[in-house]
Enquirer: 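Sharing a structure below in C-alpha cells format, with a few things to ask.
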Amino acid sequence: MSIDYKYLSELLFPDVTMTEEELLAKYPPRNLPEGAKVTRFAPSPTGFVHFGGLFPTLVSERLAHQSGGVFYLRIEDTDSRREVEGAAGALVKTLAHYGIHFDEGVTVDGEAGDYGPYKQSERADIYHVFAKRLVAEGRAYPVFSTDAELEEIKTADKKAELKAVNWETDADSRREAMLARRNFTVEDVERELAAGHKFALFAIAEGDGTRKRKVNDLVRGDLLLPENDEDVVLLKSDGIPTYHFAHVVDDHLMGTTHVVRGEEWLPSLPKHLQLFSYMGWKPPKYIHISQIMRQDADGSKKKLSKRDMGANLDDYSRLGYSPRVVIEYVMTLLNSNFEEWRAQNPDRDYTEFPFNVKKMSSSGCLFDMKKLDDVAKNVISRMSAEDVYAQLCGWAEKFEPDFARRLSDKDYALQIISIGRGGKKPRKDYGTWVELYNYMSPFYDETFAVEDEYPENVSRADIKSALTSFADSYDENDDAGAWFEKIKSICAPLGYCADMKEYRANPDAYKGSVADVSMMIRVAVTGRLNSPDLYTVMHILGRERSISRIRDMINKL
RNA sequence: GGCCCGUUGGUCAAGCGGCUAAGACACCGCCCUUUCACGGCGGUAACGCGAGUUCGAUUCUCGCACGGGUCACCA
C-alpha cells in the first residue's frame, strides 16, 4: 500500500502554514559586487573560543572582507544540552579582542542584519517549512520514540555504548535497522501521534555507497567521495534540526558562498551535498581545513584539545600575548607565503596581505610554542613604545594591578620601553607582557630584588672595592664613553684587565676582565646578571637610586 | 573494521617531470660585544617503503606502511 505523502506531511506538520515561496521572499539574493564572498562563523555556544577555531574564522573573515563581501556570525545552538549560558556574547567579545568583527549576525546584545534570525534555536519554523516539503515529496520520514526511549538515547550510557560498537560486525545490522525504520504506514503514524509520541525526521538516502563522486574542495582539489547511503536525521524529536539540515537551509537562505570548516566535516560532505540536491539548491564552495595538532608525550600527534595549554584563547591574554601576535602566528600557519610577505612589508597591517586559498596547506600542523614566541618578539619589536605601553597597561590592570599603578608614571615607563626600540633593526627582548613585566621589574623599587648571586669564585673584597670606587667616581653627566672609561680605570688596581682583546689573548695574567667588573656593578644595580645596557639603566633609575643600591650591596657583602 | 584525508629536515613549509631540494623556527659553531640578548656569518638535518609510467621521478599511477579524521535524535 502506497503512502499519501502530501497527507503525511500535513499530519506531521499541521502548524506549518507558510509556503516556501513566502519564506524565500524574505531571503532575497544579496546585492553584492561581482566576486564578493559571503562567509560565516558558525560555532555552537559550548564555552570558550578554541585556538583551533581561529583558523576557519580568520580564513572566512579574510575571504569575505578582502572581496568586499559579508562576514556574519550564526550561532548553532541546536543542542540545548551542550549550551553554555552567555557563551555567545563572550565569543563575540573575544573575537573582537582579536580584531575580528562581523558585518551581521548575533551581537553582544542582540542581532543585526536582514537575514536572521541568526540563532538556529529561533529558526525552528523555517526548518519545518522545508522539512514538510521533503515529507510531501516522499524524501523524509518520521521515526517515533516514546519519552522513555528518548531519555535512553540521550543519556551518556547510550552514547558510550554507541561508541563501543564493533564496527566490523555492526555495519549490516545498522543497515537493517535503517531499512526497517523506513517501513511504516500512515495508520502507524496516526496512532503514534495520537499517543503523543515525538518523532525525529530522517531523510531517505538515495545514494549508492559503492559509487564515488567527484567533489571539489577549494584547498584540496577534486576529492572522490562515496555517495551518501545513510539516512540523515533532519529534525530531532524536539523539532530542532541537526547540524546537517541547519547547515543546508541556513547557508542557502543567508546566501553563504564559501563554507570554511574543519576537516572533520569531510566525511559528512556527501550528506550535505545530497540535501542540497534534494532541496534543488546550489551548494556553496567548501574549504575544509586541517586540524591543529599537538605533540603528545609519547611523540604521537593529538588534536589540540580543550585541556591543552594554548587551546583556550583566553590563555593568551593571561600569558600576555598581544592579540596581534596570535593573529600573526595564525596567518603564518594559514598562508605559506605570509612570512615572506611580512619580511618585505614589516610595517603593513596583516589585512593588507593578499590572502590566497591556494597557499593553504591541506596537511595538519603541530602547534609550536617556540615559533609563537619568535613571532611574538618580532611583532612587539615593531610596535611603537606608545602602543606597547597601552597594551601593557591593559594587561597589567587585569593581571598585575600593583604593576598597573606603577605604570601610571607614563614617562618613566616609556623610557624603559623605548630601550632599543625604533630604527631598522629594533631589539627583540620580549614577546609577551609577562616577559616585559619581568624585564621592567628592576626599574621599580617595589619589584627590585637581588635575584642573582655573584659567582662563588669572585672575591667579595674585590667586589666591595670595585663598587666603592665606582660609586665614588660616578658622575651622572658623563657620557657613555666617559662612564665606561671610569669602569676601565677601576680594573687595573684590582688586577682585572681593562681591555677585552688583551684579556682574551692572555687570560691567565689577570683575575678577570672589565666584563667581570661590569658584572659586579650590574648585579648591584639591577639585581641580575643580565640586563639592558647598564649605562642606560642607571640613567633611567637616576643617580640617587643607582648609587644607593650600590651602597646597599657594599653593606651586605 | 568500513570509508575519507594526509605523508619533504625536530617543527612550519617552498616545490608542481630534469633544482647543488628554498626559506622560517629550533639546535650547534664562529664573529660582534662591558653581561644577557640583539645582529651578522656559517653548519647539522628531509622527499615513509615497494612496484610501475618515463630518457629522467620529491613531483604522475598503483600497492603497502604510518598518521589523522569519521561512522549519534553532538556539532
Side-chain angles (χ1 to χ4, degrees), chain A residues 42-44 46 76-79 81-82 143 145 149-150 153-154 158-159 161-163 165-171 174 198-202 209-210 212 217 220 223-226 230 232-244 246-247 261-270 288 290-291 293 295 299-303 329 332-333 336-337 339-340 342-343 359 361-375 377 381 420 425-430 452 483-484 487-488 491 498 500 513-519 521-523 526 528-535:
Chain A
S44 55
T46 53
E76 313 226 318
D77 52 350
T78 55
D79 185 4
R81 285 167 294 153
R82 306 206 319 174
V143 171
S145 300
E149 284 165 339
L150 280 174
I153 289 171
K154 299 194 175 183
K158 183 69 182 180
K159 275 188 282 183
E161 190 186 312
L162 284 168
K163 286 267 184 207
V165 293
N166 182 336
W167 298 116
E168 197 170 357
T169 58
D170 211 51
R174 287 158 64 86
K198 301 267 187 21
F199 68 90
L201 196 70
F202 282 65
T210 64
K212 315 273 175 151
D217 178 285
R220 289 161 194 266
L223 267 23
L224 232 41
L225 263 27
E230 250 177 75
V232 204
V233 178
L234 262 21
L235 298 175
K236 293 175 277 187
S237 42
D238 57 5
I240 300 295
T242 56
Y243 170 87
H244 308 295
H247 153 53
R261 50 165 42 166
E263 67 179 343
E264 70 270 22
W265 288 109
L266 223 36
S268 45
L269 184 53
H288 290 91
S290 33
Q291 299 285 323
M293 318 291 274
Q295 190 101 43
S300 64
K301 294 179 177 184
K302 293 272 158 55
K303 191 169 149 184
Y329 176 55
T332 67
L333 289 180
S336 55
N337 55 337
E339 273 189 284
E340 191 188 337
R342 172 56 80 204
K359 287 292 183 183
S361 168
S362 56
S363 56
C365 69
L366 232 37
F367 177 76
D368 186 352
M369 204 74 177
K370 290 252 182 64
K371 182 74 178 178
L372 205 218
D373 286 335
D374 178 67
V375 170
K377 286 183 176 178
S381 76
K425 283 181 179 167
R427 293 177 55 89
K428 302 190 244 182
D429 289 312
Y430 38 82
D452 292 333
W483 175 85
F484 192 53
I487 293 179
K488 280 182 169 178
C491 293
M500 285 306 290
S513 71
V514 65
D516 297 303
V517 174
S518 298
M519 177 271 290
I521 303 165
R522 166 170 287 108
V523 171
T526 67
R528 300 179 181 182
L529 253 10
N530 317 320
S531 78
D533 175 67
L534 236 198
Y535 176 79

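Lettering of chains follows the sequences in order, A, B, ..., and the numbering in each one begins at 1. This is a predicted model, so every value here is computed, not measured.
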Enquirer: Kindly say if A/Thr78 contacts the phosphate of B/rA75, meaning a side-chain N or O under 4.0 Å from OP1 or OP2.
Expert: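 A/Thr78 to B/rA75 OP1/OP2: side-chain N or O found under 4.0 Å.
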
Enquirer: Kindly compute the distance separating CD1 (A/Ile521) from OG1 (A/Thr526), expressed to the nearest 0.5 Å.
Expert: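 A/Ile521 CD1 to A/Thr526 OG1: 11.0 Å, rounded to 0.5 Å.
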
Enquirer: Check every strand shown and say whether A/Lys377 touches a base, only sugar-phosphate, or nothing at a heavy-atom separation below 4.0 Å.
Expert: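 If one applies the 4.0 Å heavy-atom cut-off, A/Lys377 turns out to touch nothing in the nucleic acid.
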
Enquirer: Tabulated below should be each protein N or O lying under 3.5 Å from an N or O of nucleotides 21-28 of chain B; please produce it.
Expert:
from   : atom 1 : to       : atom 2 : distance (Å)
B/rA24 : O2'    : A/Glu339 : OE2    : 2.9
B/rA24 : O2'    : A/Lys371 : NZ     : 2.4
B/rC25 : O4'    : A/Lys371 : NZ     : 3.3

Enquirer: Provide, to the nearest angstrom, the distance between the CG atom belonging to A/Asn530 and the C1' atom belonging to B/rA37.
Expert: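 About 8 Å, once rounded to whole Å.
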
Enquirer: What is the distance, rounded to the nearest whole Å, between atom NZ of A/Lys425 and atom C1' of B/rC32?
Expert: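 After rounding, the reported distance stands at 12 Å.
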
Enquirer: Quick check for you: among B/rU34, B/rA37, B/rA13, whose closest atom lies nearest to any side-chain atom of A/Ser336?
Expert: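 From the listed options, B/rA13 comes nearest.
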
Enquirer: With rounding to the nearest 0.5 angstrom, report the CD to CG distance, A/Glu339 to A/Leu333.
Expert: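 If we round to the nearest 0.5 Å, A/Glu339:CD and A/Leu333:CG are 8.5 Å apart.
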
Enquirer: What heavy-atom pair brings A/Arg528 and A/Asp452 nearest, and what distance separates the two atoms?
Expert: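 Taking A/Arg528 first and A/Asp452 second, the nearest heavy atoms are CA-OD2, 3.3 Å.
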
Enquirer: If you compare every side-chain N and O of A/Arg261 against the phosphate oxygens of B/rA75 (OP1, OP2), does one of them come in below 4.0 Å?
Expert: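 For B/rA75, neither OP1 nor OP2 has a side-chain N or O of A/Arg261 closer than 4.0 Å.
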
Enquirer: RNA chain B: A/Asp516 or A/Asp77, which has the more 5' nearest nucleotide?
Expert: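 Residue closer to the 5' terminus by nearest nucleotide: A/Asp516.
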
Enquirer: Given B/rA75, B/rC12, B/rC73, identify the nucleotide with an atom nearest to the side chain of A/Ser44.
Expert: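 Side chain of A/Ser44 sits closest to B/rA75.
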
Enquirer: Reckon A/Ser145 touches a base, only the sugar-phosphate, or nothing at all at heavy-atom distances under 4.0 Å?
Expert: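 Counting heavy atoms under 4.0 Å across all strands, the contact made by A/Ser145 includes a base.
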
Enquirer: B/rC12 and B/rA46: how far apart are their C1' atoms, nearest whole angstrom?
Expert: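 It works out to 13 Å between them.
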
Enquirer: Could you write out each protein N or O paired with an N or O of nucleotides 63-65 of chain B at a distance under 3.5 Å?
Expert:
none

Enquirer: So do A/Met519 and A/Leu529 actually touch side chain to side chain, heavy atoms under 4.5 Å?
Expert: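 SC-SC contact between A/Leu529 and A/Met519 confirmed.
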
Enquirer: In whole angstrom, what separates A/Met293's CE from B/rG69's C1'?
Expert: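 It works out to 9 Å between those atoms.
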
Enquirer: Within the structure shown, what part of the strands sits under 4.0 Å from A/Leu333 by heavy-atom distance: base, sugar-phosphate, or nothing?
Expert: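 Sugar-phosphate, backbone atoms only, no base.
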
Enquirer: Given B/rA37, B/rA14, B/rU34, identify the nucleotide with an atom nearest to the side chain of A/Lys359.
Expert: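 Given the options B/rA37, B/rA14, B/rU34, the side chain of A/Lys359 is closest to B/rA14.
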
Enquirer: Taking the same atom, P, in B/rA24 and in B/rU34, what whole-Å distance lies between them?
Expert: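 My reading of the P atoms in B/rA24 and B/rU34 gives 28 Å.
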
Enquirer: Could you give the CG-to-P distance, from A/Asp79 to B/rC74, as a whole number of Å?
Expert: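 A/Asp79 atom CG is separated from B/rC74 atom P by 6 Å.
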
Enquirer: Which atom names give the shortest non-hydrogen contact between A/Ser531 and A/Arg522, and what distance separates them?
Expert: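 Heavy atoms only, the tightest pair is OG-NE, 2.9 Å.
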
Enquirer: Between A/Glu340 and A/Lys359 (salt bridge meaning N to carboxylate O under 4.0 Å), is one present in this structure?
Expert: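 Looking at A/Glu340 and A/Lys359, the cut-off is not met.
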
Enquirer: What nucleic acid atoms does A/Thr332 come within less than 4.0 Å of, heavy atoms only: base, sugar-phosphate, or nothing?
Expert: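 The answer is nothing, as A/Thr332 stays clear of every strand by at least 4.0 Å.
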
Enquirer: Counting any heavy atom closer than 4.0 Å, what does A/Ser237 reach on the DNA or RNA strands: base, sugar-phosphate only, or nothing?
Expert: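 Base contact.
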
Enquirer: Identify whether any heavy atom of A/Asp533 sits under 4.0 Å from a base atom; if not, whether one sits that close to sugar-phosphate; answer base, sugar-phosphate or nothing.
Expert: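 Touches a base.
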
Enquirer: Quick one: does any side-chain atom of A/Thr78 pair with a main-chain N or O of A/Ile240 as donor and acceptor, under 3.5 Å?
Expert: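 No.
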
Enquirer: With rounding to the nearest 0.5 angstrom, report the CZ to CG distance, A/Phe367 to A/Leu372.
Expert: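 Rounded to the nearest 0.5 Å, the CZ-CG separation comes out at 5.0 Å.
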
Enquirer: Rounded off to whole Å, could you give me the CZ-to-P distance for the A/Arg174 and B/rG1 pair?
Expert: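 To the nearest whole Å, that distance equals 17 Å.
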
Enquirer: Between CG of A/Asp217 and CD of A/Glu263, what distance do you get to the nearest 0.5 Å?
Expert: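 Reported value, rounded in 0.5 Å steps: 10.0 Å.
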
Enquirer: With rounding to whole Å, what would you report as the distance between B/rA14 and B/rA51 at their C1' atoms?
Expert: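 That atom pair is separated by 28 Å.
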
Enquirer: Quickly work out the A/Leu366 CG to B/rU7 C1' distance and round it to whole Å.
Expert: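 It works out to 14 Å between those atoms.
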
Enquirer: What integer number of Å spans the P atoms of B/rC25 and B/rU7?
Expert: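 Their P atoms lie roughly 24 Å apart.
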
Enquirer: According to a 3.5 Å limit on both distances, what stems of 3 or more consecutive Watson-Crick or G-U pairs are formed with RNA chain B?
Expert: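 Stems (3+ consecutive pairs) listed as B:1-7 with B:65-71, B:10-12 with B:23-25, B:27-31 with B:39-43, B:48-52 with B:60-64.
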
Enquirer: What residue pairs, at least two apart or across chains, pass side-chain hydrogen bond (donor to acceptor under 3.5 Å, both in side chains) with a residue in residues 232-243 of chain A?
Expert: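 For residues 232-243 of chain A, and leaving out neighbouring residues, the side-chain hydrogen bond (donor to acceptor under 3.5 Å, both in side chains) pairs sorted by first residue read A/Tyr243-A/Arg261.
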
Enquirer: Identify the heavy atoms of A/Ser361 and A/Ser290 that sit nearest to each other, and give their distance.
Expert: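 Nearest pair, atom of A/Ser361 first, then A/Ser290: O-OG, 3.9 Å.
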
Enquirer: Indicate whether any N or O donor in one side chain lies under 3.5 Å from an N or O acceptor in the other, for A/Arg220 and A/Ser362.
Expert: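 No, because no side-chain N or O of A/Arg220 sits under 3.5 Å from a partner of the opposite role on A/Ser362.
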
Enquirer: Looking at the side chain of A/Glu264, which of B/rU34, B/rA75, B/rC71 is the nearest nucleotide?
Expert: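 Closest nucleotide among those given: B/rA75.
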
Enquirer: Can you tell me which nucleotide in B/rU70, B/rG6, B/rA72 comes closest to the side chain of A/Ser363?
Expert: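 The answer is B/rG6, which lies nearest to the side chain.
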
Enquirer: Under the side chain to side chain contact (heavy atoms under 4.5 Å, CB included) rule, what do A/Leu223 and A/Leu269 come out as? Steps first, then yes or no, please.
Expert: CA-CA 11 Å; A/Leu223 267 23; A/Leu269 184 53; 5.5 Å; no

Enquirer: Distances under 3.5 Å only, N/O to N/O: pair up the protein atoms with those of nucleotides 3-5 of chain B.
Expert:
from  : atom 1 : to       : atom 2 : distance (Å)
B/rC3 : O3'    : A/Lys212 : NZ     : 3.3
B/rC4 : OP1    : A/Lys212 : NZ     : 2.2
B/rC5 : O2'    : A/Arg220 : NH1    : 2.2

Enquirer: Nearest 0.5 Å, please: how far is CG in A/Leu266 from CG in A/Leu225?
Expert: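 Between A/Leu225 CG and A/Leu266 CG, I get 6.0 Å after rounding to 0.5 Å.
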
Enquirer: Give the rounded distance in Å between these two atoms: CZ of A/Arg342 and C1' of B/rC12.
Expert: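 A/Arg342 atom CZ is separated from B/rC12 atom C1' by 17 Å.
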
Enquirer: Pick the closest RNA chain B nucleotide for A/Asp429 and for A/Thr242 by heavy atoms, then say which residue is nearer the 5' end.
Expert: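 The residue mapped nearer the 5' terminus is A/Asp429.
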
Enquirer: Looking at A/Tyr329 and A/Met369, would you say the former's side chain and the latter's main chain have a donor-acceptor pair under 3.5 Å?
Expert: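 Not confirmed, A/Tyr329 side chain does not pair with A/Met369 backbone.
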
Enquirer: For nucleotides B/rC27 and B/rU11, find the distance between their C1' atoms and express it as a whole number of Å.
Expert: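 About 12 Å, rounded to a whole number of Å.
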
Enquirer: Work out how far the C1' atom of B/rG9 is from that of B/rA72, and round it to whole angstrom.
Expert: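 42 Å, rounded to whole Å.
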
Enquirer: What's the gap between B/rG63 and B/rU44 when it is taken at their C1' atoms, as a whole Å value?
Expert: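 It comes out at 35 Å once rounded to the nearest Å.
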
Enquirer: Can you name the residues that form a ring pair (Phe, Tyr, Trp, His ring centres under 6.0 Å) with A/Tyr430, not counting sequence neighbours?
Expert: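 Ring pair (Phe, Tyr, Trp, His ring centres under 6.0 Å) check on A/Tyr430 returns A/Tyr439.
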
Enquirer: Tell me the closest heavy-atom pair linking A/Ser268 and A/His244, and the distance in Å.
Expert: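 Taking every non-hydrogen atom into account, CB-CE1, 3.8 Å.
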
Enquirer: Whole-Å distance between B/rU34 P and A/Leu534 CG?
Expert: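 My rounded result for the distance is 12 Å.
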
Enquirer: Distance check, P atoms only: B/rU61 and B/rG17, in whole angstrom units.
Expert: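 It comes out at 12 Å once rounded to the nearest Å.
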
